[in-house]
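First the structure, in the form of structure tokens, and then the observations on it.
Every chain is numbered from 1 and lettered A, B, ... according to where its sequence line falls, protein lines coming before strand lines.
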Number of protein chains: 2
Amino acid sequence: MAASTLTEVARLAGVSPATASRVLNGSARTPGPDIAERVRKAADSLGYIPNAQAQGLAKSSSGLIGLIVHDIADPYFAAIARGVQAAARHQNKMVLLATTAGSPADERAAVAAFAARRADSIVIAGSRSARTADKQGNAELAAELDRYCRNGGRVGVVGHAVVGAESDEGYHVVGVPNEELAAELARELAASHAGEFVIIAGPEGLLTSDDRVRGFQRGLADAGLPPADVLHTGFDRTGGYEAGMELAARIGAHGGSGQAGAEAAAPPRLCIFAVNDVMAIGATAALRSKGLRIPRDAAIAGFDDIETLRDFRPALSTVRLPLEEIGRLAVPGAGSGTVGAGTVGVTGEVTLRRSTEPGGEPAS
Amino acid sequence: MAASTLTEVARLAGVSPATASRVLNGSARTPGPDIAERVRKAADSLGYIPNAQAQGLAKSSSGLIGLIVHDIADPYFAAIARGVQAAARHQNKMVLLATTAGSPADERAAVAAFAARRADSIVIAGSRSARTADKQGNAELAAELDRYCRNGGRVGVVGHAVVGAESDEGYHVVGVPNEELAAELARELAASHAGEFVIIAGPEGLLTSDDRVRGFQRGLADAGLPPADVLHTGFDRTGGYEAGMELAARIGAHGGSGQAGAEAAAPPRLCIFAVNDVMAIGATAALRSKGLRIPRDAAIAGFDDIETLRDFRPALSTVRLPLEEIGRLAVPGAGSGTVGAGTVGVTGEVTLRRSTEPGGEPAS
DNA sequence: GCAAATTGGGAAAGCGCATTCCCGCTGCTT
DNA sequence: AAGCAGCGGGAATGCGCTTTCCCAATTTGC
């Protein structure tokens, strides 16, 4: 038994398909109450479910919102996805998910697939990359998005505008002040740390990472400090872990090992800034595996303020980002932002916690 | 400029729409190479993207997989979603996301929406509830799913079969041995713990929670111990936190407070089993906020082995579940499982870590 | 009281594509 | 050399729905 159709409902109710359509969906013209009732009853008894594909074809709009993320299991993207989902629900649309691991080629394919499905809008959440290796991929992605926009699609981008977009038409970006916030974090840390600073960054060319690094360096400069060393690694927990191992070796070489804290003129404690929370956690794990303790042997800060990580000990200093709201704002037509081209901004908040506390003796 | 159509491509290539269709999609009949080339070039120059809705209408299949979760930002669901996404990609389909906060009514609506979109299959990941308040909702959900199946849909369920399904036709469940694993966990913990056991459970009637509780109690019984006290609360971090506060009070009353460990005849340490990791983390936070330390003042174990939580300290004892694989297996037609009705099983693994270590003096 | 405007319903034309059927053609058999 | 299979392409139909257009029956205006 195939799903029943509008025509069947109409026949059962003794009306024309046109009338049935009018009563079952919010048409401008509403048939008489008696007829409406009859149709509704017929639909009910048949368990009629409109065929959204056919509706979409006829109306040329689908009620779909495409969402592109690197990895849905990454808590950063998961939080954004929650916001997108909430906004979609508000517009009563559904969200179509695509994960791309950040590959521009996959992103292009996802955009094409969304376009094929005639998604009303698409939000693309992963960080953009400016690596030369990705140059062609980025151009193709931009071309695909431009085409999508020309055909009437709306796209929301979180973070950075897509590199190489032809015009602003149809784009809408949620700006995250990564650079400013990182600078502020650096300044606050500089106020209480005497030691050297090190940055654990993502791959070079990853815009979000680059921005945070640049901001942090600027903050240090503002405080009259020399620029920090930058370690480039993967933008995930594993990357953080590897960098952490390297730093552990460095710290160990200086003599920060073992329980006995006070060696001859203990070198000032290292202060590590990982460009996102997950990397910070990885780095922490690495340091710990080498017997180092936070914040006694090194201070560490992250970025994002991932919810699941808030109970982590020592509590991680970070920059809180309203991830869910970012997701909500990123869907075109939602939020109080300007409709159409333009940038909606959100703000974050530097949140200092135990992992960067000065002193560093383990408290109770 | 609206997106170009097959007909336009055909006209540009000087062929009929039928031929164009044949070359641009994997039809059984492949037109001659010269014609094919011409069509392909025309399509390319027009930037033709097939209208998936129209294709779906014509073929009556959509290439969509519907996924229902409680909350996509919950790491448990996010991990499953990743698996589903991977399987979908393998079948080159896209996944449609719906979040329902566990409400059967919302789930029913989501199923209807998926049916309307003619999703090829749907996987429903949230825990089923047997509460009487949800009884009608569950029945309606089951009815909707049954109808979906009768119309040729395939549904994959993780955990429990949907309560009230009329027949097995079209269903496919990924069974998680919650009860057995919880029992095993209890037995292993019982072997090294002298103190009392307490269970922090989700709301009564939540099948996953109930299973884990039952299993844990059985494990205790196997070890010759009396059943543990059960605290029912929310199935999330907040629930765990609240229960943790209550337990902290209980422990405090016994005298486990402060730094000085050895009071007169220190009572045996409490061993807490939270039915999922996130709740365990919440409980831990609560205990800590009261000055209690894990595992010194209480042992605690969770369930799921959430990836993001693995770096948590003290490392959480838990039961590892192959979440991503569960997601993969849940999508009908994927995995090596039996196609059609049937249960595919996965196994987990009790993973004892520091949070339940006996002794409990803080190590280095 | 009659023309004009309004209402309420049906017929029909697509939306963009897949697919079945059909037809002219080439190449083969006997 | 005539007949037949087989192939390559096009015309036409239908997927399920929306929406314009059209027509008959009422209301309204003066």
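- Between B:A330 and B:V158 the shortest heavy-atom distance is CB-CG1, 4.2 Å.
- Distance A:Q53 CD to C:dC17 P: 13 Å, rounded to the nearest Å.
- Distances shorter than 4.0 Å separate some side-chain N or O of B:T19 from OP1 or OP2 on D:dG10.
- For A:N51 and C:dC15, the CG to P distance is 18 Å, given to the nearest whole Å.
- A:E324 has its side chain out of reach of A:I80: every pair of non-hydrogen atoms, C-beta onward, lies at least 4.5 Å apart.
- Put simply, the side chain of A:I49 reaches to within 4.5 Å of the side chain of B:E144, judged on heavy atoms.
- Side-chain atoms of B:L67 and B:F114, non-hydrogen and from C-beta on, never get closer than 4.5 Å to each other.
- Residue B:T5 is in sugar-phosphate contact alone, with no base atom involved, counting any heavy-atom pair closer than 4.0 Å across all strands shown.
- Between the P atom of C:dC17 and the CG atom of B:N25 lies a distance of 9 Å, rounded to the nearest Å.
- Comparing A:L57 and B:S16 against DNA chain D, the residue whose closest nucleotide sits nearer the 5' end is B:S16.
- For B:S21 and C:dA18, the shortest distance from a side-chain N or O to OP1 or OP2 is below 4.0 Å.
- In this entry the distance linking CZ of A:R11 with P of C:dG10 reads 14 Å, nearest Å.
- Among the heavy atoms of the strands, none lies under 4.0 Å from B:P17.
- Rounded to an integer number of Å, the gap from B:I49 CD1 to C:dC15 P is 19 Å.
- The separation between A:L24 atom CG and D:dT19 atom C1' is 16 Å, rounded to whole Å.
- Note: CG (B:L6) to C1' (C:dT19) measures 13 Å, nearest angstrom.
- In terms of position on DNA chain D, the residue among B:I35 and B:K59 whose nearest nucleotide sits closer to the 5' end is B:I35.
- For a distance-only test at 3.5 Å, the side chain of A:R22 qualifies as a donor-acceptor partner of the base of C:dG10.
- Listed nucleotides D:dG16, D:dG10, C:dC17 differ in distance to B:A18; the shortest reach to its side chain belongs to D:dG10.
- Considering only side-chain N and O atoms, B:Q55 lies nowhere under 4.0 angstrom from the phosphate OP1 or OP2 of C:dC17.
- Remark: A:S60 is not in phosphate contact with C:dC15, judged by side-chain N or O atoms under 4.0 Å from OP1 or OP2.
- With rounding to the nearest 0.5 angstrom, the CD1 atom of B:I68 is 6.5 Å from the OG1 atom of B:T100.
- Residue B:R117 contributes atom CZ, which lies 14 Å from atom C1' of D:dC17 at whole-angstrom precision.
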